[in-house]
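Note that the structure is a prediction, hence the values are computed from the model and not measured. Every chain is numbered from 1 and lettered A, B, ... according to where its sequence line falls, protein lines coming before strand lines.
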Amino acid sequence: MFNKRTKIKALMALEPSEQTITVMGWVRSFRNNQFIALNDGSTNNNLQVVVALGLLDDATLRRITTGASLKVIGELVPSLGKGQKLELKATSLEVLGDSDAEKYPLQPKKHSLEFLREIAHLRFRTNTFGSVFRLRHSLAFAVHQFFNEKGFIYLHTPIITSSDAEGAGEMFRVTTLPFDATPRNDNNSINFKEDFFGKSTNLTVSGQLEGELGAMAFSEIYTFGPTFRAENSNTARHLAEFWMIEPEMAFHDIEDNMNLAEEFIQYLIRYAMAHNMEDLEFLDARLAEEEKQKPQNERAEMGLIEKLKLVVDNQFERITYTEAIQILLDSPHYKKKKFKYDVSWGIDMQSEHERYLVEKHFKKPVIVTGYPAAIKAFYMRLNDGCEPGKETVAAMDILAPGIGEIVGGSQREERLEKLEARMTAMHIPLEEMSWYLDTRRFGSVPHAGFGLGFERMVQFVTGMTNIRDVIAFARTPKNCEF
RNA sequence: UCCUCCUUAGCUCAGUUGGUUAGAGCAUCUGACUGUUAAUCAGAGGGUCGUCUGUUCAAGUCAGACAGGGGGAGCCA
């Protein structure tokens with residue numbers, strides 16, 4: 001019975017007719033005891049339901065409040081009013097679920113994003129979050145479609161891991177040991193042999209190392225799943241629980257890796273523009289409104305859709321780390337001593353440096369390659385022919401305007417001796433990583449991969465400035481509601 | 001973790017050099033109106049001023065601690 005309803009998005013595309021249509025949704029507003037703005041989440045456009053005077057008794061009318069759910073049967077007719085083409089002339093109306101107007105927190109007015117974060121379970125019912133989460137869905141779907149079209153295998157890497165060698169960040173411990181009576185060894189250290197897995201385990205910070213195992217058999221794989229970092233990061237672009245996409249490709253070098261990452265990002269944006277233009281237009285207008293509140297010199301130079309078009313229509317700028325440092329050193333900004341942190345070859349670039357390159361110098365996404373080995377992870381491939389003391393690795397970061405690092409990747413070190421030497425130098429126990437080193441012992445091949453923070457991608461496409469507003473229920477330090 | 005700003009009605013905010021009964025708009029409720037579009041008009045209710053401790057005859061206002069939030073930084077995706 002229920003599935004006979006018509007979704008409002010589909011209904012909006014229909015021609016008015018005498019045919020009887022059933023809709024269901026939630027009341028956004030009820031004006032004049034006659035006009036209901038009904039929304040079912042399929043689109044931000046509300047359906048105007050018209051209740052003729054006398055159709056309903058007073059008791060039922062009083063139950064049509066903001067947030068209440070309704071089943072309405074009626075005829076789709078051309079609207080007499082000016083705000084919409086179509087409206088549903090109700091012939092019967094049933095309140096499925098009441099919503100106490102005195103207690104329902106959402107009102108037909110603007111709410112602050114901070115307030116909506118506190119009622120994250122209801123914020124999906126607002127236009128902004130409706131658009132954001134429909135886009136998030138589309139982007140997730142596009143991720144799978146992109147890799148599927150290319151013949152990549154979707155590999156599910158583990159959430160619970162005993163490997164703690166990625167060095168990507170602080171980890172969340174997973175244990176069933178009692179807090180008040182932890183079993184101890186003779187030297188008073190915790191005896192993890194008593195723990196559920198018989199060893200110390202954590203939530204994963206990255207599926208990359210396991211992903212490499214898959215690439216060594218399937219040629220090309222990708223992972224797309226939650227990752228966890230217990231860093232005490234309190235910023236608008238960090239979460240303790242976030243989703244990451246990590247493709248890993250055999251027979252790819254750093255150049256192939258960059259090409260794929262660029263093509264991937266452009267594909268996702270194109271997909272969103274092709275399938276969610278209405279939502280993008282809403283967010284574009286929302287952002288423009290927000291920009292107006294800011295002082296002139298802080299306003300973004302481009303609108304949301306304009307920015308997305310620019311990224312899709314232009315190649316990303318590609319420069320080496322060495323060139324990036326030179327650009328910074330030559331910049332008027334540097335000469336006027338406007339950087340807080342000094343610039344020299346070998347530094348790990350600060351946000352201000354990356355922002356300068358992306359937002360001031362190139363004004364589009366930038367791929368930086370060839371970072372100093374000293375500031376990068378053990379698995380990145382050492383470049384050949386480096387000046388001693390200036391060793392670099394085949395790493396690449398994609399920096400996006402407004403977001404910063406959106407992709408981090410590298411060609412992996414496939415040469416066993418070089419990898420072992422690097423791991424030893426970085427105090428990574430070889431025995432524990434034996435399974436990883438097996439890939440280099442048995443049929444090692446040049447391979448590469450990257451990680452893309454899904455929420456940062458959603459931020460980039462939606463223009464939402466706080467990452468907490470692009471994930472349904474944000475996990476951040478001191479905050480784990482719902 | 002550091003710097004900085006903020007916390008007053010359901011929401012968004014105002015609140016003067018510390019002073020007696022803390023205000024507005026929206027929302028809610030009551031009534032009017034009935035083709036509205038953030039409907040309109042009239043009226044009403046709604047407050048432990050984040051928490052604690054101090055200073056003072058007197059604290060929303062000053063000081064300290066704590067908690068929560070925003071922005072920035074670090075760490076990173």
Side-chain angles (χ1 to χ4, degrees), chain A residues 28-37 45-54 61-62 65-67 77-84 87 89 99-119 126-127 166-170 205-208 226-246 261 294 298 339-341 348-355 375-377 397-400 403-409 450-460 465-471 474 476-479 481:
Chain A
R28 283 286 175 85
S29 73
F30 184 32
R31 282 186 294 272
N32 232 344
N33 261 358
Q34 264 188 100
F35 304 100
I36 301 166
N45 294 317
N46 299 323
L47 173 67
Q48 171 150 287
V49 173
V50 184
V51 183
L53 294 171
L61 280 176
R62 261 197 291 277
T65 55
T66 306
V77 298
S79 180
L80 296 175
K82 278 183 184 151
Q84 57 284 315
E87 62 190 25
K89 199 172 139 192
S99 171
D100 186 339
E102 292 208 54
K103 291 179 185 151
Y104 188 64
L106 291 173
Q107 301 155 17
K109 62 167 267 190
K110 279 226 168 100
H111 290 288
S112 67
L113 294 174
E114 290 85 357
F115 171 67
L116 291 171
R117 247 167 250 157
E118 290 170 15
I119 52 163
T126 64
N127 285 335
E166 284 99 336
E170 289 296 310
V205 292
S206 161
Q208 183 203 310
T227 44
F228 308 86
R229 308 251 169 115
E231 300 286 347
N232 189 11
S233 298
N234 295 289
T235 79
R237 32 176 215 289
H238 287 88
L239 291 165
E241 176 182 301
F242 65 100
W243 288 64
M244 190 153 60
I245 296 142
E246 295 177 287
K294 293 184 189 168
E298 287 174 26
F339 288 123
K340 196 174 154 200
Y341 294 87
D348 205 353
M349 279 191 278
Q350 304 292 322
S351 297
E352 58 172 353
H353 304 138
E354 297 181 347
R355 290 182 70 123
I375 58 169
K376 287 289 181 183
D397 282 0
I398 302 185
L399 311 175
I403 310 281
E405 186 180 341
I406 194 166
V407 162
F450 63 85
L452 176 133
F454 186 56
E455 280 76 18
R456 289 192 182 168
M457 187 66 207
V458 180
Q459 269 191 282
F460 187 74
T465 49
N466 195 313
I467 200 165
R468 291 165 194 141
D469 296 327
V470 298
I471 190 166
T476 51
K478 300 279 183 290
N479 182 359
E481 291 298 311

What integer distance in Å separates [X]:[atom1] from [N]:[atom2]?
{"X": "N33(A)", "N": "rU37(B)", "atom1": "CG", "atom2": "P", "answer": "15 Å"}
{"X": "R31(A)", "N": "rA38(B)", "atom1": "CZ", "atom2": "C1'", "answer": "8 Å"}
{"X": "E455(A)", "N": "rC76(B)", "atom1": "CD", "atom2": "P", "answer": "19 Å"}
{"X": "R117(A)", "N": "rG71(B)", "atom1": "CZ", "atom2": "C1'", "answer": "11 Å"}
{"X": "H353(A)", "N": "rC75(B)", "atom1": "NE2", "atom2": "P", "answer": "11 Å"}
{"X": "Q48(A)", "N": "rA38(B)", "atom1": "CD", "atom2": "P", "answer": "11 Å"}
{"X": "M349(A)", "N": "rG74(B)", "atom1": "CE", "atom2": "C1'", "answer": "16 Å"}
{"X": "R355(A)", "N": "rG74(B)", "atom1": "CZ", "atom2": "P", "answer": "10 Å"}

Establish, with yes or no, whether the OP1 or OP2 oxygen of [N] is under 4.0 angstrom from a side-chain nitrogen or oxygen of [X].
{"X": "Q350(A)", "N": "rG74(B)", "value": "yes"}
{"X": "R237(A)", "N": "rA73(B)", "value": "yes"}
{"X": "N466(A)", "N": "rG69(B)", "value": "no"}

So what does [X] touch, heavy atoms closer than 4.0 Å: a base, only the sugar-phosphate, or nothing?
{"X": "Q459(A)", "answer": "nothing"}
{"X": "D348(A)", "answer": "sugar-phosphate"}
{"X": "R468(A)", "answer": "sugar-phosphate"}
{"X": "K478(A)", "answer": "sugar-phosphate"}
{"X": "T235(A)", "answer": "base"}
{"X": "L239(A)", "answer": "base"}
{"X": "I403(A)", "answer": "nothing"}

Problem set entry | Identified stems (criterion: three or more consecutive Watson-Crick or G-U pairs, under 3.5 Å), RNA chain B |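 RNA chain B forms these stems: B:1-7 with B:67-73, B:10-13 with B:23-26, B:28-32 with B:40-44, B:50-54 with B:62-66.
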Exercise. Would you say K340(A) and Q350(A) make side-chain contact, with heavy atoms under 4.5 Å?
Worked result: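 Result no, sub-4.5 Å side-chain heavy-atom pair not found.
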Exercise. Got a sec: does the NZ of K376(A) have more than 12 other heavy atoms crowding it under 6.0 Å?
Worked result: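 It does: K376(A) NZ has more than 12 such atoms within range.
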Taking the same atom, [atom1], in [N] and in [M], what whole-Å distance lies between them?
{"N": "rU8(B)", "M": "rU61(B)", "atom1": "P", "value": "13 Å"}
{"N": "rG45(B)", "M": "rG31(B)", "atom1": "C1'", "value": "15 Å"}
{"N": "rU51(B)", "M": "rA32(B)", "atom1": "P", "value": "41 Å"}
{"N": "rA9(B)", "M": "rA67(B)", "atom1": "P", "value": "23 Å"}
{"N": "rG47(B)", "M": "rU21(B)", "atom1": "C1'", "value": "13 Å"}
{"N": "rC5(B)", "M": "rU48(B)", "atom1": "C1'", "value": "25 Å"}
{"N": "rU36(B)", "M": "rA44(B)", "atom1": "C1'", "value": "25 Å"}
{"N": "rC13(B)", "M": "rU56(B)", "atom1": "C1'", "value": "30 Å"}

Ignoring the backbone of [X], work out which of [options] is nearest its side chain.
{"X": "F35(A)", "options": "rU28(B), rG35(B), rG74(B)", "value": "rG35(B)"}
{"X": "N234(A)", "options": "rA73(B), rG70(B), rC76(B)", "value": "rA73(B)"}
{"X": "S79(A)", "options": "rG68(B), rG74(B), rG35(B)", "value": "rG35(B)"}
{"X": "A236(A)", "options": "rA73(B), rG68(B), rG72(B)", "value": "rG72(B)"}
{"X": "Y341(A)", "options": "rA73(B), rC29(B), rG71(B)", "value": "rA73(B)"}
{"X": "N479(A)", "options": "rG35(B), rG70(B), rG69(B)", "value": "rG69(B)"}
{"X": "R229(A)", "options": "rC76(B), rC29(B), rU36(B)", "value": "rC76(B)"}
{"X": "K340(A)", "options": "rG74(B), rA73(B), rG68(B)", "value": "rA73(B)"}
{"X": "H238(A)", "options": "rG35(B), rC75(B), rA73(B)", "value": "rC75(B)"}

For this session: Please tell me which of G83(A) and T65(A) maps to the more 5' nucleotide of RNA chain B, matching each residue to the nucleotide holding its nearest heavy atom.
Result: T65(A)
For this session: Hey, which sits more toward the 5' end of RNA chain B by its nearest nucleotide, P477(A) or D397(A)?
Result: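 On the 5' side of the pair lies P477(A).
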For this session: Mind running side chain to side chain contact (heavy atoms under 4.5 Å, CB included) on M457(A) and I406(A) for me, showing each step along the way?
Result: CA-CA 7 Å; M457(A) 187 66 207; I406(A) 194 166; 3.8 Å; yes
Exercise. Can a donor-acceptor pair be found between the side chains of S29(A) and R31(A) at a distance below 3.5 Å?
Worked result: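 Short answer, yes.
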For this session: Let me have a per-nucleotide readout for nucleotides 7-13 of chain B, 5' to 3', with B, S or -, counting only protein heavy atoms under 4.0 Å.
Result: ---BBS-
Say whether, by atom type as modelled, one donor and one acceptor occur between the side chain of [X] and the main chain of [Y] under 3.5 angstrom.
{"X": "S233(A)", "Y": "T235(A)", "result": "no"}
{"X": "E246(A)", "Y": "G451(A)", "result": "no"}
{"X": "S99(A)", "Y": "T66(A)", "result": "yes"}

Problem set entry | Heavy-atom closest contact (L239(A) atom, E455(A) atom, distance) |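 Smallest heavy-atom distance, with atoms named: CD1-CG, 3.8 Å.
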For this session: Ignoring hydrogens and angles, answer whether the base of rC75(B) and the side-chain atoms of S233(A) contain a donor-acceptor pair closer than 3.5 Å.
Result: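 Check passes, donor-acceptor contact within cut-off.
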Exercise. Within the modelled atom types, does a donor on one side and an acceptor on the other bring the side chain of N46(A) and the base of rU37(B) under 3.5 Å apart?
Worked result: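 It does not, because no donor-acceptor pair links the side chain of N46(A) to the base of rU37(B) below 3.5 Å.
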Exercise. Do H238(A) and T476(A) pass the side chain to side chain contact (heavy atoms under 4.5 Å, CB included) test, and can you show the C-alpha distance, the side-chain angles, and the key distance before you say yes or no?
Worked result: CA-CA 8 Å; H238(A) 287 88; T476(A) 51; over 6 Å; no
For this session: Output all residues satisfying salt bridge (charged side-chain N to carboxylate O under 4.0 Å, His left out) with R117(A), sequence neighbours left out; order by chain, then residue number.
Result: D469(A)
Problem set entry | Pairwise distance OG1(T65(A)) to OH(Y104(A)) - rounded to 0.5 angstrom | 9.0 Å
For this session: Might you work through the side chain to side chain contact (heavy atoms under 4.5 Å, CB included) test for F228(A) and V205(A), ending with a clear yes or no?
Result: CA-CA 5 Å; F228(A) 308 86; V205(A) 292; 5.8 Å; no
For this session: Applying side chain to side chain contact (heavy atoms under 4.5 Å, CB included), run through R28(A) and N127(A) and close with a yes or a no.
Result: CA-CA 10 Å; R28(A) 283 286 175 85; N127(A) 285 335; 2.8 Å; yes
